[in-house]
Amino acid sequence: MDASPRLGRVLGEADVVAAEDTRRLRRLTSELGITVKGRVTSFFEGNERQRTDELVAALVEGQTVVVVTDAGMPSVSDPGYRLVAAAIEAGVDVTAVPGPSAVLTALALSGLPVDRFTFEGFLPRKSGERSKRFAELAKEQRTMIFFEAPHRLAASLKDMADAFGPDRRTAVCRELTKTYEEVKRGGAAELAEWAAEGVRGEITVVVSGADPSARELGPEELAAEVAADEEAGTPRKQAISDVAKRFGVPKRTVYDAVLAARGAAK
């Protein structure tokens, strides 16, 4: 159980403990041997907005409020942001008790560059919106970190492979700091095939950034590359996919370049 002595002390001394799941809080405190003397209240996505005013009122009265979330750091894709912002606005001191962070833990375990990175949060649920997001990030040179639901992981990795190239270095981190922690590393397409068999747990995906030294071709050059592959006997669909992989650009970009070239030739 990754919990510091300070966390145990803070939980034991708090006037109010706002927990994303009160049952999991009870399990946590039981395993840590902590007795919560203050009031315990639920604080999750469904009631965060309405519960914030109540908690800020307690803070203004001088009470100590501790926010605890289930499997991540409060405020980072978890409840807490609204309360922190409201507490600051009310002139209340806010601090954090360091604990596990899936973002930084996954980055450290990924084996990918850590000098510059960007956290992109949860991916869109719909494939079209995901593909659009990936297209916007195709030239991002920093290491990228995403959260994803296990039942959408395979589809997201496939969309990622289409946008970034099948061999873009990727790490899928599952159940970090827990009993069944697992990290799978490989190309985006390879990991998409692995995830298709079914994955459980809390998922964090780390992806290497675009190669800054990669040659960037314009639409006319991309279309010419496809045409050359076709002349060599490769079917157009496969040629588009091969050119996208060869130059590290989304397949959609190559496809649009081919359509534009065909239109200009008429």
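For the numbers below, each heavy atom of this structure counts, side chains included, while hydrogens, waters and symmetry mates do not. Nothing here was measured: the structure is a model prediction, and the numbers come from that model.
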Legend entry - S156 versus R130, side-chain donor and acceptor atoms under 3.5 Å: yes
Inset, instruction - Of all the heavy-atom pairs spanning A90 and V56, show the shortest one and how long it is. - result: CB-CG1, 4.0 Å
Inset, instruction - Apply salt bridge (charged side-chain N to carboxylate O under 4.0 Å, His left out) to E129 and R125, showing your working. - result: CA-CA 7 Å; E129 295 176 4; R125 297 184 179 186; over 6 Å; no
Inset, instruction - Would you name the heavy atoms of A96 and R6 that are closest together and state the gap between them? - result: O-NH1, 3.6 Å
Inset, instruction - For A223 and A261, work out which heavy atoms get closest and say how close. - result: CB-CB, 3.6 Å
Inset, instruction - Answer yes or no: is there a side-chain heavy-atom contact under 4.5 Å between F119 and S77? - result: yes
Legend entry - Full working for side chain to side chain contact (heavy atoms under 4.5 Å, CB included) between L107 and L112: CA-CA 7 Å; L107 179 66; L112 300 175; 5.8 Å; no
Legend entry - Expected output: side-chain S30 to main-chain R26 donor-acceptor under 3.5 Å: no
Inset, instruction - Indicate if I145 and V207 have the same hydrophobic cluster label, given that clusters are the connected sets of ILVMFWY residues with side-chain heavy-atom separations under 4.5 angstrom. - result: no
Legend entry - Expected output: side-chain E175 to main-chain E202 donor-acceptor under 3.5 Å: yes
Inset, instruction - Could you grab the distance from atom OG of S241 to atom CZ of R236, nearest 0.5 Å is fine? - result: 14.5 Å
Legend entry - Test item: T143 and D115 side chains (from C-beta on) under 4.5 Å apart, heavy atoms: no
Inset, instruction - Could you list who else is in V183's hydrophobic cluster, with ILVMFWY side chains joined at under 4.5 Å, directly or through other members? - result: L109, L176
Inset, instruction - Indicate yes or no: at least one non-hydrogen side-chain atom of I203 is less than 4.5 angstrom from one of F147. - result: no
Inset, instruction - Identify the heavy atoms of P98 and S4 that sit nearest to each other, and give their distance. - result: O-OG, 4.3 Å
Legend entry - Among D70, N47, T69, the one residue meeting side chain to side chain contact (heavy atoms under 4.5 Å, CB included) with P79: T69
Inset, instruction - Identify whether L11 and L55 are in the same connected component of the hydrophobic contact network (ILVMFWY, side-chain heavy atoms under 4.5 Å). - result: no
Legend entry - Heavy atoms of other groups near E181 CD, more than 12 under 6.0 Å: yes
Legend entry - Heavy-atom pair with the smallest gap, counting every atom of G165 and A188: O-CB, 4.2 Å
Legend entry - Pairing residues for D229 by the side-chain contact (heavy atoms from CB on, under 4.5 Å) criterion, not counting sequence neighbours: T234, A239, D242, V243, R246
Legend entry - Side chains of F44 and T22 in contact at under 4.5 Å (non-hydrogen atoms): no
Legend entry - N/O donor-acceptor pair under 3.5 Å between D15 side chain and T64 backbone: yes
Legend entry - Backbone of L28 reached by a side-chain donor or acceptor of E31 within 3.5 Å: no
Inset, instruction - Compare all side-chain heavy atoms of M160 with those of V205 and state whether any distance is below 4.5 angstrom. - result: yes
Legend entry - Inter-residue atom distance S208.OG - R142.CZ, 0.5 Å rounding: 14.0 Å
Inset, instruction - Please tell me if the side chains of F43 and V67 come closer than 4.5 Å, counting only heavy atoms from C-beta onward. - result: yes
Legend entry - Verify same cluster id: F122, F117 (apolar side-chain graph, 4.5 Å): yes
Inset, instruction - Assess whether side chain to side chain contact (heavy atoms under 4.5 Å, CB included) is satisfied between R152 and L123, documenting all intermediate values. - result: CA-CA 9 Å; R152 290 194 297 269; L123 288 163; over 6 Å; no
Inset, instruction - For residues I88 and V92, determine if any side-chain heavy atom of one lies less than 4.5 Å from a side-chain heavy atom of the other. - result: no
Legend entry - Rounded distance (nearest 0.5 Å) linking atom CZ of R116 with atom CD of E140: 7.0 Å
Legend entry - Polar side chain donor-acceptor pair, E120 to T118, under 3.5 angstrom: yes
Legend entry - Ring centres under 6.0 angstrom apart (F164, F134): yes
Inset, instruction - Determine whether V94 and V97 fall in the same hydrophobic cluster, where Ile, Leu, Val, Met, Phe, Trp and Tyr are linked whenever their side-chain heavy atoms lie under 4.5 Å apart. - result: no
Legend entry - Test side chain to side chain contact (heavy atoms under 4.5 Å, CB included) applied to V172 and W194, step by step: CA-CA 10 Å; V172 175; W194 163 77; 3.8 Å; yes
Legend entry - Side chain to side chain, Y180 and E182, heavy atoms closer than 4.5 Å: no
Inset, instruction - Would you confirm whether E48, through its side chain, and G80, through its main-chain N or O, come within 3.5 Å as a donor-acceptor pair? - result: yes
Legend entry - Approximate separation, where rounding is to 0.5 Å, of R200 CZ and R174 CZ: 9.0 Å
Legend entry - NZ (K184) with more than 12 external heavy atoms under 6.0 Å: no
Inset, instruction - Applying salt bridge (charged side-chain N to carboxylate O under 4.0 Å, His left out), run through R51 and E54 and close with a yes or a no. - result: CA-CA 5 Å; R51 191 59 54 84; E54 173 190 329; 3.3 Å; yes
Legend entry - Shortest non-hydrogen contact between I240 and K251, atoms and distance: CG2-O, 3.8 Å
Inset, instruction - First locate atom OG of S110, then atom CZ of R169, and finally report the distance between them rounded to the nearest 0.5 Å. - result: 8.5 Å
Legend entry - Same apolar cluster: L59 and V84, side chain cutoff 4.5 Å: no
Legend entry - Separation between OG of S131 and CD of E136, rounded to the nearest 0.5 Å: 11.0 Å
